[in-house]
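Report on the following structure.
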Amino acid sequence: MSKLAEKLIAGEFVVTAEVAPPKGVDLDGVLATAACFPPEVVAVNVTDNQGANMRMAPLVVAALLHQGGVEPVLQMTCRDRNRMALQSDLLGAAAFGIKNLLLLSGDHPRFGDHPHARGVFDLDSVQLLQAADRLTAGQDLAGRPLAGSPAFFGGAAVSPQAEPFELMFQKFRKKVEAGARFFQTQAVFCEAPLTRFMEQAAPLRVPVLLGVLLLKNARMARFVHEHVPGVRVPEHLIDRLDGAADPLEEGVRIARETVRLARRHCQGVHLMTLGCEDRISEILC
Amino acid sequence: MIISRQKDKEDLLRHLEGKHKVFLVGCGACATVCKSGGEEEVSQMQEWLVSTGREVTGSVVIDEACHIMRAGRDLRHNRSAVGEADALMVMTCGAGIQSISSHTEKRVIGALDSLFLGNVRRLGQYEEKCSLCGDCILNETAGICPVTNCAKGLLNGPCGGMEEGKCESDRDLDCAWMLIYERLSRQGRKGVFARVVPAKDWGHRHQPGRHKIR
């Protein structure tokens with residue numbers, strides 16, 4: 001069982017963070033970043049061509065992290081591979097000892113650096129969760145038996161503030177039904193929508209790690225508010241960043257408050273610090 | 001209906017190089033409705049070909065050019081005009097073009113691009129509605145096809161990119177899942193949200209397809 005699974009099952013408050021594979025073959029940066037996460041960070045997400053921008057295969061980076069003693073959460077999207085490639089990569093991940101997965105639909109190719117690529121989406125995120133679950137049960141999606149089965153701990157994403165709430169929640173419920181064992185959320189900054197979501201989610205009894213995004217300045221906060229689906233940055237936080245002598249310092253303070261919010265409502269946090277990984281200890285204290 | 005559009009004249013000229021006598025074929029079905037290959041367009045094409053110094057040996061608008069036997073019969077009825085021509089210019093969808101090319105060894109020049117299976121809102125304004133996937137779940141989605149109308153073709157609900165009911169790929173488009181959800185709600189049923197839809201059977205789309213339904 002992964003450390004992430006153990007701690008979540010034991011009911012401990014869990015912290016995850018994330019790194020992006022390099023655009024190129026130079027791994028020094030990503031490996032150095034992953035190595036300097038404080039010990040509170042239980043597992044590190046490795047993103048999969050995030051924002052539909054082509055980068056090194058996350059499976060390889062996750063394997064290297066694992067070998068280096070950092071527990072990875074392998075992100076996998078449905079955008080770039082059909083069901084055969086996805087399952088085959090999942091089996092490969094198991095061979096490296098990777099257990100934690102975050103299974104996603106993936107951003108539309110239109111936004112990335114290969115906008116003319118054909119999106120695959122042979123499976124959707126719910127079906128990819130089913131596939132991982134089936135593999136863990138010793139069968140592939142076609143019902144064929146496996147020679148040795150993986151032991152995955154499959155997770156999924158949710159946007160607690162997406163509207164309409166009920167539509168978002170029906171998808172969330174399906175992900176749980178399809179085998180999601182934990183969730184990492186899109187960034188949330190306010191208590192009211194989080195409370196509403198966590199109340200509705202409670203009967204499904206699946207741990208939720210609150211997405212904590214480090215806002216570096218007011219401009220970034222406004223951009224996120226306007227352009228990232230399902231994320232709302234309240235005006236008073238943007239004002240705080242705007243008026244701060246040191247906006248990054250203020251952003252760390254806001255992130256710290258959000259972690260406290262998570263301690264009251266959720267089973268952990270997923271930190272998105274975008275290059276400021278050295279501030280994680282402060283955010284967690 | 002198959003939505004089609006005429007190719008650029010420049011493109012047609014390249015294919016017409018060295019072809020001086022042309023027989024024209026239109027279609028009385030989709031291409032007529034799209035105003036890309038009906039009587040009127042065939043006659044305009046004839047005028048244009050003549051203006052480029054070519055001779056049009058004859059023309060026919062077939063009821064449904066995709067009907068292979070009917071297309072063969074209509075070509076036989078125009079045997080001598082077809083025989084005189086250096087090439088046939090076919091103003092039909094891709095199915096029609098292949099229906100014609102299966103009946104002649106002459107050069108067939110397709111004059112249209114087939115765009116998609118869709119509906120007409122008004123002339124010139126079309127909506128893609130069906131992907132011909134052969135595994136229809138419209139009965140559970142309140143008659144709105146997510147395979148075609150969702151930018152990712154998802155089957156279990158919206159992606160995380162939905163924002164206030166709009167699509168991630170184009171904020172001017174409604175999220176298909178939002179439309180499905182709203183209509184199902186109005187009908188007081190859960191539809192596709194009542195179950196986890198398993199991985200789709202794309203086996204119906206294996207190529208090349210040859211289907212015998214009866």
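All chains are named by letter (A, B, ...) in the order of the sequence lines, taking the proteins before the strands, and each is independently numbered beginning at 1. Just so you know, these numbers use all the heavy atoms, side chains as well, and skip hydrogens, waters and symmetry mates.
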Task: Portion of V120(A) that has a non-hydrogen atom of chain B nearer than 4.5 angstrom - done: neither

Task: Set of residues satisfying side chain to side chain contact (heavy atoms under 4.5 Å, CB included) with respect to S88(A), sequence neighbours excluded - done: none

TODO: Give, for atom SG of C175(B) and atom CG of L167(A), the distance between the pair rounded to the nearest 0.5 Å.
DONE: 6.5 Å

Task: CG/L117(B): more than 12 non-hydrogen atoms of other groups inside 6.0 Å - done: yes

Open item on the list: Please identify, among C159(B), A151(B), P158(B), the residue contributing the most non-hydrogen atom pairs under 4.5 Å to chain A.
Closed with: P158(B)

Open item on the list: With chain A as the partner, which of G153(B), G160(B), C167(B), G165(B) has the greatest number of non-hydrogen pairs under 4.5 Å?
Closed with: G160(B)

At a cut-off of 3.5 Å, what donor and acceptor atoms pair up between chain A and chain B?
{"from": "R83(A)", "atom 1": "NH1", "to": "K200(B)", "atom 2": "O", "distance (Å)": "3.1"}
{"from": "R83(A)", "atom 1": "NH2", "to": "K200(B)", "atom 2": "O", "distance (Å)": "2.6"}
{"from": "G106(A)", "atom 1": "O", "to": "K152(B)", "atom 2": "NZ", "distance (Å)": "2.7"}
{"from": "H108(A)", "atom 1": "N", "to": "E168(B)", "atom 2": "OE2", "distance (Å)": "2.6"}
{"from": "R110(A)", "atom 1": "NH1", "to": "S169(B)", "atom 2": "O", "distance (Å)": "2.5"}
{"from": "D122(A)", "atom 1": "OD1", "to": "W202(B)", "atom 2": "NE1", "distance (Å)": "3.3"}
{"from": "D124(A)", "atom 1": "OD1", "to": "N156(B)", "atom 2": "ND2", "distance (Å)": "3.3"}
{"from": "D124(A)", "atom 1": "OD2", "to": "L155(B)", "atom 2": "N", "distance (Å)": "3.0"}
{"from": "D124(A)", "atom 1": "OD2", "to": "N156(B)", "atom 2": "N", "distance (Å)": "3.0"}
{"from": "D124(A)", "atom 1": "OD2", "to": "N156(B)", "atom 2": "ND2", "distance (Å)": "3.1"}
{"from": "Q127(A)", "atom 1": "NE2", "to": "V197(B)", "atom 2": "O", "distance (Å)": "3.0"}
{"from": "Q127(A)", "atom 1": "NE2", "to": "P198(B)", "atom 2": "O", "distance (Å)": "3.0"}
{"from": "K171(A)", "atom 1": "NZ", "to": "G157(B)", "atom 2": "O", "distance (Å)": "3.4"}
{"from": "K171(A)", "atom 1": "NZ", "to": "P158(B)", "atom 2": "O", "distance (Å)": "2.8"}
{"from": "K174(A)", "atom 1": "NZ", "to": "N156(B)", "atom 2": "OD1", "distance (Å)": "2.9"}
{"from": "K174(A)", "atom 1": "NZ", "to": "V192(B)", "atom 2": "O", "distance (Å)": "2.9"}
{"from": "K174(A)", "atom 1": "NZ", "to": "R195(B)", "atom 2": "O", "distance (Å)": "2.8"}
{"from": "G230(A)", "atom 1": "N", "to": "E163(B)", "atom 2": "OE1", "distance (Å)": "2.6"}
{"from": "R232(A)", "atom 1": "NH2", "to": "E163(B)", "atom 2": "OE2", "distance (Å)": "2.6"}
{"from": "R232(A)", "atom 1": "NH2", "to": "E164(B)", "atom 2": "OE2", "distance (Å)": "3.3"}

Open item on the list: If we define contacts as heavy-atom pairs under 4.5 Å, which of G230(A), P164(A), A178(A) has the most with chain B?
Closed with: P164(A)

